[in-house]
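Read through the structure below, which is laid out as structure tokens, and then see the notes.
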Amino acid sequence: MQFQNNNQRILIVDFGSQVTKLIARRIRDLGVYSEIITPKNVLKLKDFNNVKGIILSGGPSSVTKQKYQSIPKSLFKKNIPILGICYGLQLIAKLFGGKIKASKKKREFGRAIVVKKKKSLLTQKFFKKNNFVWMSHEDAVVKLPKGFKVIGETKNSRLTIIENSALKIYGVQFHPEVTHTNNGSQIFRNFIFSICKTKKNWNLTSQKKRLIEFIKKNVNKEKVICALSGGVDSSVVALLINKAIKKRLTCIMVDTGLMRKNEFRDIFYIFKKKYKINVRLINASNIFLQKLKNVVNPEKKRKIIGKLFIKIFEKESKKIKGVKFLAQGTLYPDIIESKSYTGSKSSKIKSHHNVGGLPKKMNLKLIEPLKEFFKDEVRLLGKSLNLSKNILYRHPFPGPGLGIRIIGNITKEKVRILQEVDDIYIKELISRKLYHKIWQAYAALLPVKTVGVMGDTRTYEYTCLLRAVKSEDGMTADYFSFPKDFLDEISNKIVNNVNGINRVVYDITSKPPSTIELE
Ligand code: XMP
């Protein structure tokens, strides 16, 4: 999908980092259009007229190996400012004659403090006392290339920020795009405004009109079915498509039996009554449970759920004459964590429901209008489409649902237990006005039975895990610090009210190194 407003753009060359999309995101937040491109496609690019700056992303390659991903050096001769991030910095150093070493001893993962060495346009208003930056590297530049200066250093990497101001080439070893880097946006602000001299030209609300036009044009006179789960993403997709093609949209809600307690029916009525959308509710819980019987492997579960989901859609679509499209609420992060959207090599973490489960030979064409947007951008779109607040600000819920929150094998009884726990937890968060302070909260059921005592009786029951995280877009996250009395009370409430649970634990890991979901 090409954006129209691209009379000036920042190109991001994706070397396959898990967080490349965040670079695009930070730049859009600053009001400038940015586009992600593979190293291969940079070679094919003929017209650089509207390219105001180029950013080289991080990635899993190593310039210390014989084979590594690169770009032609001619790219540096176009008088276009270039900023390398992590691998991008190492590649610049390599191409300009510096030295890079892989070192297990000097590697940096996580937080480091960066210290100023020299003034630079790139770091105006960036340095503060205890400037924490987020690192994720084993290789480091150990010899500066000719013509470059050191702007900042950390304890383990002396050449953390470098520049060649005459050639307008800059590099940072840390990741300014992740929220764990203090003041990281300032690096992008300086790069795109002070160095690349771009003007603000990107505004999200104006994208709504363009998306509706895009849907109208692509769908033409055909019919669409939409996978409606009641989460923000699929709801926004349904409203957008409904605006574009009205009665030619049918929404299908597949009840996998792995949804939250009562949530599905409530959403069904909202869409039917409030938005007057054509919605069909399919109860498929038995078949999902049957197919998942004794399946323990998380990837297998995801694949089974994803495939079955699509199969049911296909079956339903055949009942509606003339359906050609299947609409899905796939987002940017869904795609990058399954397979890099732009085709670069990015290590696979999880197969997301929307992508991994798709059969190769689909009978329906996919329409994914949100695949270049981040969650909170989608919320803004939803707001302008008058989506009810309760759906708009609902925490994200994964496609495979409770299937990936019941660790180990899934049974009807376990689903019941988890639905009860989750319901108590979420209601308590809402009543204590904590829900909207948290980016995502949920309960999971661990496959562990432990001994407890209730009254005078020994119990031997399951353990549930509570998770609550702060995040901006799900790419990185920190656990939420609850007041102690909340943890005391919620633990009591769950154990006292849910048959089958005698222990409650709270997960205090961040992402990375964990992920938000357990499977
Ligand atoms: P992870 O566990 O990868 O989760 O840190 C990041 C965000 O993605 C959600 N998630 C999914 N969303 N289909 C989805 O639509 C999926 O298969 C899926 N898996 C994880 C997760 O809930 C979190 O918000």
Side-chain angles (χ1 to χ4, degrees), residues 18-19 21-22 25 178-180 226-238 253-254 256 258-260 263 288 292 297-310 326-341 346-358 366 368 370-371 373-379 391 393-407 418 422 425-426 435 438-444 465-480 507 509-519:
Q18 295 291 336
V19 285
K21 294 287 183 291
L22 287 183
R25 170 60 198 284
V178 306
T179 48
H180 303 283
C226 172
L228 183 62
S229 71
V232 190
D233 316 337
S234 62
S235 301
V236 170
V237 167
M253 296 182 74
V254 176
T256 59
L258 300 167
M259 314 302 284
R260 285 187 157 132
E263 205 174 38
F288 273 92
L292 287 166
N297 182 295
E299 277 300 296
K300 267 197 187 148
K301 281 186 187 174
R302 284 176 170 275
K303 291 260 157 75
I304 290 171
I305 297 172
K307 272 190 183 155
L308 193 53
F309 205 88
I310 298 292
L326 168 66
Q328 284 192 325
T330 312
L331 304 189
Y332 245 15
D334 296 340
I335 291 169
I336 186 163
E337 293 202 353
S338 286
K339 176 178 167 284
S340 185
Y341 169 54
S346 141
S347 318
K348 178 167 147 183
I349 308 290
K350 294 174 185 180
S351 305
H352 272 245
H353 178 325
N354 303 340
V355 186
L358 291 180
L366 263 189
E368 298 171 297
L370 306 180
K371 71 177 175 189
F373 292 88
F374 288 95
K375 195 89 188 180
D376 52 342
E377 292 180 316
V378 172
R379 284 209 172 96
I391 296 178
Y393 297 108
R394 184 176 300 226
H395 291 173
F397 187 70
L402 303 186
I404 53 162
R405 291 179 177 174
I406 294 170
I407 314 309
L418 185 55
D422 190 79
Y425 181 38
I426 299 299
Y435 186 82
I438 295 166
W439 193 79
Q440 187 172 14
Y442 70 86
L465 172 144
L466 305 183
R467 186 116 166 96
V469 294
K470 296 178 290 179
S471 177
E472 245 184 53
D473 38 44
M475 302 289 280
T476 58
D478 261 337
Y479 78 92
F480 186 81
D507 185 344
T509 39
S510 58
K511 172 184 180 176
S514 280
T515 50
I516 295 177
E517 301 290 343
L518 304 191
E519 289 198 329

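Order of listing sets the numbers, starting from 1, for every ligand and every atom in it.
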For R302 and ligand 1, does the shortest N/O to N/O distance drop below 3.5 Å? yes
Step by step, would you call Q18 with V178 a side-chain contact (heavy atoms from CB on, under 4.5 Å)? CA-CA 11 Å; Q18 295 291 336; V178 306; over 6 Å; no
As a check for students: among P298, G399, P400, identify the option with a heavy atom nearest to atom 14 (C) of ligand 1. G399
Is it possible for you to check whether R260 lies under 6.0 Å from the centre of the six-membered ring of F397, through NZ or CZ, and within 45° of that ring's axis? no
I'd like to know if the side chain of K511 and the backbone of G474 have a donor-acceptor N/O pair within less than 3.5 Å. yes
For W439, take its heavy atoms, then give the atoms of ligand 1 lying under 4.0 Å from any of them. 24 (O)
Once you measure the plane-to-plane angle for H395 and Y435, does it fall in the parallel (<30°), tilted (30-60°) or perpendicular (>60°) bin? parallel
Hey, does the side chain of R405 reach the backbone of A443 with a donor-acceptor pair shorter than 3.5 angstrom? no
Relative to the heavy atoms of T515, which atoms of ligand 1 are at a distance of less than 4.0 Å? 1 (P), 2 (O), 5 (O)
Of the side chain and backbone of P398, name the one, both, or neither that has a heavy atom under 4.0 Å from an atom of ligand 1. both
Of I404, I305, I516, the residue with the heavy atom nearest atom 4 (O) of ligand 1 is I516
Using a strict 4.0 Å cut-off to heavy atoms of K511, name the atoms of ligand 1 that fall inside it. 1 (P), 3 (O), 5 (O), 6 (C)
May I ask you to list the atoms of ligand 1 that are less than 4.0 angstrom from any heavy atom of P396? 24 (O)
Should L518 and Y442 be marked as a side-chain contact (heavy atoms from CB on, under 4.5 Å) after you check the CA-CA gap, both sets of side-chain angles, and the distance that decides it? CA-CA 11 Å; L518 304 191; Y442 70 86; 3.7 Å; yes
